Amino acid sequence: MSDADDQRIRIDQSSTRSLLPFLVAAGVLVLVIVGIVVAALVSPVEKNVTDSDRLNLAARKFLQSRSATGTLDDRVVCSGFDETRSPLAPAKVGDGTAFDFVKLVDPTVNGDKATAQVTSKTADRESTSTWHFTRDDSRWLVCNP
């Protein structure tokens, strides 16, 4: 090594540094966090759920209730629900067939009543039919036509 390589490089640190940029960044960060909290309080996620989302949930719960067990959960259907007029194929109701939810399309909401095209799947095939729903408070229930 030569003496030129061993020479120290002098850095001029005579100017004073300011904390102002860091304080401004911290202030902006605090404002963003406060904005997020205020937005969450003013518009909670539960209020951002659409009727279509709720109809999807009602159809899923109904199909889960009917799948494999053959029993019907009274909390997912309207009072007076007639199983012989179920939106599922009557031959499949109560025989232990497993149903899977595929999709819900074209929901039409008219006050506390709604209809939608629901596609369900069994082991051997998919079927689409018009389902009828009724709103009970903030949840939708599957009903007969």
Side-chain angles (χ1 to χ4, degrees), residues 5 7-145:
D5 291 335
Q7 289 182 354
R8 295 185 184 192
I9 299 173
R10 185 149 209 246
I11 299 173
D12 182 20
Q13 295 183 358
S14 61
S15 62
T16 59
R17 295 183 182 188
S18 171
L19 287 177
L20 184 62
F22 298 107
L23 294 175
V24 168
V28 168
L29 184 61
V30 167
L31 285 175
V32 168
I33 291 172
V34 167
I36 290 170
V37 169
V38 167
L41 292 175
V42 170
S43 179
V45 174
E46 300 86 37
K47 291 186 178 181
N48 293 336
V49 178
T50 64
D51 279 329
S52 180
D53 296 332
R54 288 190 172 118
L55 291 170
N56 256 308
L57 182 61
R60 282 180 193 272
K61 285 183 175 181
F62 179 81
L63 288 168
Q64 286 173 351
S65 171
R66 297 305 302 151
S67 278
T69 64
T71 60
L72 181 62
D73 185 354
D74 291 337
R75 297 173 295 179
V76 298
V77 294
C78 299
S79 62
F81 182 79
D82 182 6
E83 288 210 49
T84 61
R85 296 173 47 213
S86 171
L88 302 174
K92 300 285 187 179
V93 173
D95 70 355
T97 301
F99 295 96
D100 292 318
F101 176 82
V102 176
K103 65 182 175 180
L104 181 142
V105 295
D106 300 328
T108 304
V109 177
N110 187 9
D112 286 343
K113 303 282 184 189
T115 58
Q117 295 295 315
V118 177
T119 303
S120 61
K121 181 179 179 182
T122 59
D124 55 345
R125 67 181 178 94
E126 281 188 7
S127 65
T128 302
S129 60
T130 301
W131 287 31
H132 297 266
F133 301 88
T134 299
R135 187 187 337 245
D136 180 36
D137 292 327
S138 64
R139 65 187 176 133
W140 288 96
L141 304 173
V142 176
C143 296
N144 298 118

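Values below: every heavy atom of this structure, side chains too, minus hydrogens, waters and symmetry copies. Everything numeric in this text was worked out from a predicted model, so none of it was measured. In what follows, residues are counted from 1 in the order of the sequence shown.
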Quiz item: For the side-chain contact (heavy atoms from CB on, under 4.5 Å) test, which of D112, V109, N56 pairs with W140?
Solution: V109
Please give me the minimum heavy-atom distance between [X] and [Y], naming the atom from each residue.
X: V142; Y: A58; result: CG2-O, 4.0 Å
X: F101; Y: A59; result: CE1-CB, 3.8 Å
X: N144; Y: G80; result: OD1-O, 4.1 Å

Self-check item: Counterpart residues, ring-ring contact (aromatic ring centres under 6.0 Å, His included), relative to F133 (two or more places apart)
Solution: none
To the closest 0.5 Å, what do you measure between [atom1] ([X]) and [atom2] ([Y])?
X: F62; Y: L57; atom1: CZ; atom2: CG; result: 14.0 Å
X: D136; Y: C78; atom1: CG; atom2: SG; result: 8.0 Å
X: D100; Y: L63; atom1: CG; atom2: CG; result: 8.0 Å
X: R85; Y: H132; atom1: CZ; atom2: NE2; result: 9.0 Å
X: D106; Y: S52; atom1: CG; atom2: OG; result: 10.0 Å

Given side chains that start at C-beta, do those of [X] and [Y] come closer than 4.5 Å, heavy atoms only?
X: R139; Y: D137; answer: no
X: L55; Y: W131; answer: no
X: L104; Y: R60; answer: no

Quiz prompt | Donor + acceptor pair across side chains of T130, Q117 (<3.5 Å) | solution = yes
Quiz item: Heavy-atom count around N110 CG within 6.0 Å, excluding the residue itself: above 12?
Solution: no
